[in-house]
Amino acid sequence: MRPRNFIILALILILVVIVFPSQLVAQPLPGIDFRINPTSEPEEVVDTLRVLFLLTVLALVPAFMVLMTSFTRIVVVLSFVRTAMATQQTPPNQVLIGLALFLTFFVMAPVFDQVRVDALEPYLANEISQEAALENAETHLKDFMLIHTREKDLALFVNASNMDRPESEEEIGIMVLIPAFVISELKTAFQMGFLIFIPFLIIDMVIASTLMSMGMFMLPPIIISLPFKVLLFVMTDGWYLVIKSLLQSYGL
């Protein structure tokens with residue numbers, strides 16, 4: 001099995017365990033017994049190596065979940081909001097990451113549904129092979145990432161990999177697409193973060209100028225500007241606007 005297939009398989013396992021637990025409950029759970037027995041059959045050795053490699057890949061599942069979904073953009077933008085307001089650890093990291101995670105499930109729900117219908121359910125019903133299920137799942141994930149990947153970023157990794165220029169989307173390898181998708185998401189998140197910073201920066205400048213004109217040089221401007229930032233954010237319903245902008249950036 002190719003390494004990229006293990007990545008897709010790991011994401012399918014996430015769907016089974018987290019997003020679609022009913023699919024897991026409906027299937028009989030096999031007994032698991034780890035033993036290392038001597039064998040002279042090459043097929044058994046290959047199967048054992050596959051299982052060991054899959055267990056290793058599962059340790060990287062959080063990275064796959066972060067880099068192949070909308071999680072990166074969402075969590076970076078939410079972090080910019082907290083930094084712009086200068087509220088330090090409010091909201092705490094657990095709240096921001098939890099909110100980003102559930103927003104990711106919300107944004108990725110159409111893609112997850114397509115993977116479930118075209119890959120997971122047919123495979124569990126023994127209607128298609130494992131290779132076909134992985135191909136179907138990969139197709140839907142690639143479609144999502146290609147929509148939100150800039151051509152310039154994709155060309156960077158295509159040229160760096162010394163591969164021929166793809167003639168179609170099907171020829172783009174997922175190992176090339178993932179880093180291109182990530183830096184595209186980071187650029188978009190930083191652009192949104194810049195726009196978030198502007199109103200709070202204006203408040204800081206006004207407060208600092210006012211304190212200097214009053215001769216209050218020893219009073220840190222952040223102490224005075226923080227309540228005004230929070231007031232502005234609350235009066236404009238800031239969380240609603242930020243989340244709405246994030247959803248609209250994905251066409252929702």
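It should be emphasised that the depicted structure is a prediction, and the values quoted were computed from it without experimental measurement. Values below: every heavy atom of this structure, side chains too, minus hydrogens, waters and symmetry copies.
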- Message: Evaluate Leu146 against Leu154 for side-chain contact (heavy atoms from CB on, under 4.5 Å), listing each step before the verdict.
- Response: CA-CA 9 Å; Leu146 284 170; Leu154 184 59; 4.2 Å; yes

- Heavy-atom distance under 4.5 Å between the side chains of Ile198 and Leu195, does that happen here?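 They are in side-chain contact.
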
- Message: When you compare the side chain of Leu78 with that of Trp239, does any pair of heavy atoms fall below 4.5 Å?
- Response: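 Contact flag for Trp239/Leu78 side chains = yes.
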
Between [X] and [Y], is there a shared hydrophobic cluster once you connect ILVMFWY residues whose side-chain heavy atoms come closer than 4.5 Å?
X	Y	result
Leu241	Val107	no
Val234	Val95	no
Val76	Phe194	no
Leu231	Val242	no

- Query: What's the shortest heavy-atom distance between Phe71 and Leu101, and which atoms?
  - Reply: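 Distance-wise, the nearest heavy atoms are CE1-N, 3.8 Å.
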
- Item | Ring centre gap for His140 and Phe144 strictly below 6.0 Å | no

Using 0.5 Å steps for rounding, measure from the [atom1] atom of [X] to the [atom2] atom of [Y].
X	Y	atom1	atom2	value
His148	Thr72	NE2	OG1	12.5 Å
Ile97	Ile74	CD1	CD1	13.0 Å
Leu103	Met108	CG	CE	13.0 Å
Ser209	Ile207	OG	CD1	9.5 Å
Leu232	Met85	CG	CE	8.5 Å
Leu246	Ser70	CG	OG	9.0 Å

- Task: Can you establish whether the number of heavy atoms outside Phe197 located under 6.0 Å from its atom CZ is more than 12?
- Result: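 Enclosed: over 12 neighbouring heavy atoms sit under 6.0 Å from CZ of Phe197.
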
- Message: Tell me whether the count of non-hydrogen atoms from other residues, nucleotides or ligands lying under 6.0 Å of CD in Gln191 goes above 12.
- Response: yes

- Task: Using the side-chain contact (heavy atoms from CB on, under 4.5 Å) rule, take Val206 and Ile203 through it: C-alpha gap first, then chi angles, then the decisive distance, then the call.
- Result: CA-CA 5 Å; Val206 171; Ile203 293 178; 5.8 Å; no

Below 3.5 Å, can you tabulate the donor-acceptor pairs from side chains in residues 176-188 to any protein atom, sequence neighbours excluded?
from, atom 1, to, atom 2, distance (Å)
Ser184, OG, Arg150, N, 3.0
Ser184, OG, Asp153, OD2, 2.6
Ser184, OG, Ala180, O, 3.0
Glu185, OE1, Arg73, NE, 3.4
Glu185, OE1, Tyr250, OH, 2.4
Glu185, OE2, Arg73, NE, 3.3
Glu185, OE2, Arg73, NH2, 2.5
Thr188, OG1, Arg150, NH1, 3.3
Thr188, OG1, Arg150, NH2, 3.2
Thr188, OG1, Ser184, O, 3.1

- Item | Verdict with reasoning, Val81 to Phe233, per side-chain contact (heavy atoms from CB on, under 4.5 Å) | CA-CA 10 Å; Val81 173; Phe233 197 72; 3.7 Å; yes

- Query: Sub-3.5 Å donor-acceptor pair from the side chain of Asp118 to the main-chain atoms of Asn136, do we have one?
  - Reply: no

- Message: Donor-acceptor pair, distance only, cut-off 3.5 Å: does the side chain of Arg82 make one with the backbone of Gln89?
- Response: no

- Query: How would you list, by chain and number, every residue that makes a salt bridge (charged side-chain N to carboxylate O under 4.0 Å, His left out) with Asp204, sequence neighbours excluded?
  - Reply: Lys229

- Message: Run the ring pair (Phe, Tyr, Trp, His ring centres under 6.0 Å) test against Phe190 and tell me which residues pass, sequence neighbours left out.
- Response: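 Phe190: ring pair (Phe, Tyr, Trp, His ring centres under 6.0 Å) contacts with Phe80.
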
- Task: Please report the C-alpha distance between Ile243 and Phe106 in whole Å, then the side-chain angles of each, then the deciding distance to 0.1 Å, and finally whether the side-chain contact (heavy atoms from CB on, under 4.5 Å) criterion is met.
- Result: CA-CA 12 Å; Ile243 301 303; Phe106 182 83; over 6 Å; no

